Amino acid sequence: MLAHVARPVEILSSPAVSAGLLRVENRIQRLSTSSRLPLINTAAGRITGAGGKRLRPALTLATALALGGRINNRVVTAAACVELIHAGSLVHDDLMDNAAERRGVRTVNAELGDARALVVGDFMLAKAGLAALSSASKPVAETLAAVVVELAEGQFQEAAELFDPGRTPEDALQSITRKTASLFRASCLVAHPAGRSMAAYGERFGVLFQVLDDLLDLASTAERLCKPVGNDLRQGVYTLPLLMALRHDCGDVRPFLGRRLSQDEITFLLARLRRSRMVDDTLEYCRSLASDALASLPDIADPQITAALYGLPTAYIDWAESLVVR
Ligand code: IPE
Ligand code: IPE
Ligand code: MG
Ligand code: MG
């Protein structure tokens with residue numbers, strides 16, 4: 001199952017990026033098990049050791065190479081910190097979503113309860129900040145601290161708009177830009193002093209990435225994703241694919257908004273949405289985001305990295321499409 005999930009990141013995995021990712025992996029494991037309390041190490045190591053695509057650290061390494069940098073200790077640390085922030089935010093996200101499974105294993109909240117999941121997530125976010133400050137650089141640490149703020153704002157906004165039938169596609173877009181795209185942008189920013197030239201690419205890819213995740217929650221299966229589906233409807237998160245579908249051929253779904261749904265209603269709605277234009281419209285929207293992302297790429301000397309960064313958004317869309325159940 002994981003082999004299926006791992007595919008899109010392979011496009012970024014030139015020999016240099018792959019070698020760098022091995023070093024990043026080592027750093028991630030050391031950082032997530034560096035508490036003086038063994039139980040914290042077990043809990044944090046549980047999520048970082050369970051896999052995941054490692055897309056954000058791969059983007060950091062590819063960006064460093066694209067901008068003429070080398071994969072040195074500072075870049076490896078920056079990439080590991082990005083992944084640690086991602087994993088810490090997933091611990092918090094699963095707590096907020098009351099999710100029981102992540103990366104094919106039980107979540108920290110399911111295993112140890114909400115209170116411990118809360119502080120394990122805090123531990124991971126804070127460790128990332130400390131490591132960035134001590135082993136990367138002050139600007140990298142500042143960028144990562146700022147992204148944790150933005151992430152919290154995006155997640156807060158989403159939480160504040162749960163079950164809100166008045167949520168608009170623009171509201172959803174603003175929330176995902178903060179909660180997800182900001183970390184992809186930061187993955188580029190921390191890679192190199194000239195990382196800003198890749199920031200727009202990272203952010204646009206990040207929006208596309210979350211929109212596809214939202215689509216798969218409505219149009220795939222738990223077996224294919226290694227995480228539950230229908231969760232967003234269950235939790236009252238009205239995502240961009242759903243909100244756009246309401247404006248097109250799914251106006252009849254609107255009476256289901258604004259309240260908790262039974263499992264039967266969720267099953268009915270998923271089938272209804274999969275039969276609609278939602279999947280095609282969302283994929284088309286993502287293709288336009290992909291072409292915006294490519295248009296913002298700076299000139300890159302290395303042809304292998306150029307091909308990888310050009311190919312990533314489309315590869316991701318194709319991968320998501322392969323997981324859709326119609
Ligand atoms: C999941 O991110 C959370 C979202 C922002 C949608 P990923 O799909 O990158 O999760 P892992 O790291 O591969 O588990
Ligand atoms: C991503 O949103 C969460 C973060 C950015 C922390 P989701 O809630 O959609 O992620 P999944 O679907 O649980 O992986
Ligand atoms: Mg979630
Ligand atoms: Mg999701």
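Numbering of ligands and ligand atoms starts at 1, following listing order. Reckoned from all heavy atoms, side chains included, excluding hydrogens, waters and symmetry mates. What you see is a predicted model, and the numbers here were worked out from it, not measured in a lab.
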Name the closest protein heavy atom to [atom], giving the residue it belongs to and the distance to 0.1 Å.
atom                    : value
atom 10 (O) of ligand 2 : Asp93 OD2, 3.6 Å
atom 11 (P) of ligand 2 : Lys227 NZ, 3.3 Å
atom 1 (C) of ligand 2  : Gln210 OE1, 3.6 Å
atom 2 (O) of ligand 2  : Lys179 NZ, 2.8 Å
atom 6 (C) of ligand 2  : Ser89 OG, 3.3 Å
atom 4 (C) of ligand 2  : Gln155 NE2, 4.1 Å

Exercise. Do Phe184 and Tyr201 make the cut of ring centroids closer than 6.0 angstrom?
Worked result: no
Problem set entry | N or O contact, Arg56 vs ligand 1, cut-off under 3.5 Å | yes
For this session: State the atoms of ligand 2, each with its element, that fall below the 4.0 Å cut-off from a heavy-atom position in Asp97.
Result: 8 (O), 13 (O)
Exercise. Taking only heavy atoms of Thr180, which atoms of ligand 2 are found under 4.0 Å from at least one of them?
Worked result: 5 (C)
Problem set entry | Reference residue Glu265; test salt bridge (Lys or Arg N to Asp or Glu O under 4.0 Å); the match among Arg260, Arg272, Arg259 | Arg259
Exercise. Phe209 ring centre to Arg56 NZ or CZ under 6.0 Å, with the angle to the axis within 45°?
Worked result: yes
Problem set entry | Side chain, backbone, both or neither: His86 near ligand 1, heavy atoms under 4.0 Å | side chain
Exercise. Heavy atoms only: which of Leu90, Thr48, Asp213 is nearest to atom 3 (C) of ligand 1?
Worked result: Leu90
Could you tell me which non-hydrogen atom of [X] sits nearest to which non-hydrogen atom of [Y], and how far apart they are?
X      : Y      : value
Ser175 : Gly154 : OG-O, 3.2 Å
Ala131 : Thr77  : O-CG2, 3.7 Å
Pro241 : Val211 : CG-O, 3.9 Å

For this session: Can you establish whether the number of heavy atoms outside Arg277 located under 6.0 Å from its atom CZ is more than 12?
Result: yes
Exercise. When you look at CG of Asp299, are more than 12 heavy atoms from neighbouring residues, nucleotides or ligands closer to it than 6.0 Å?
Worked result: no
Exercise. Does the side chain of Phe268 come within less than 4.5 Å of Leu273's, by heavy atoms?
Worked result: no
Problem set entry | Close side-chain approach of Thr60 to Thr63, heavy-atom, < 4.5 Å | no
Exercise. Protein N, O or S atoms less than 2.8 Å from the Mg ion (ligand 4), ignoring waters?
Worked result: Asp213 OD2
Exercise. Does Met124 share a hydrophobic cluster with Leu118, counting links as ILVMFWY side-chain heavy atoms below 4.5 Å and allowing steps through other members?
Worked result: no
Problem set entry | Asp232 N/O to ligand 2 N/O under 3.5 Å | no
Seminar exercise, completed: Paired with Arg178, the side-chain hydrogen bond (donor to acceptor under 3.5 Å, both in side chains) test is passed by just one of Gln157, Gln155, Glu150, namely Gln157
Problem set entry | Atoms in ligand 1 with a heavy atom of Arg103 nearer than 4.0 Å | 11 (P), 12 (O), 14 (O)
Problem set entry | Numbered atoms and elements of ligand 1 in range of Gly52, under 4.0 angstrom, heavy atoms | 11 (P), 12 (O), 13 (O), 14 (O)
For this session: Decide side-chain hydrogen bond (donor to acceptor under 3.5 Å, both in side chains) for Arg23 and Asn26; before the verdict, give the C-alpha distance in whole Å, the side-chain angles of both, and the deciding distance to 0.1 Å.
Result: CA-CA 5 Å; Arg23 291 169 66 191; Asn26 214 296; over 6 Å; no
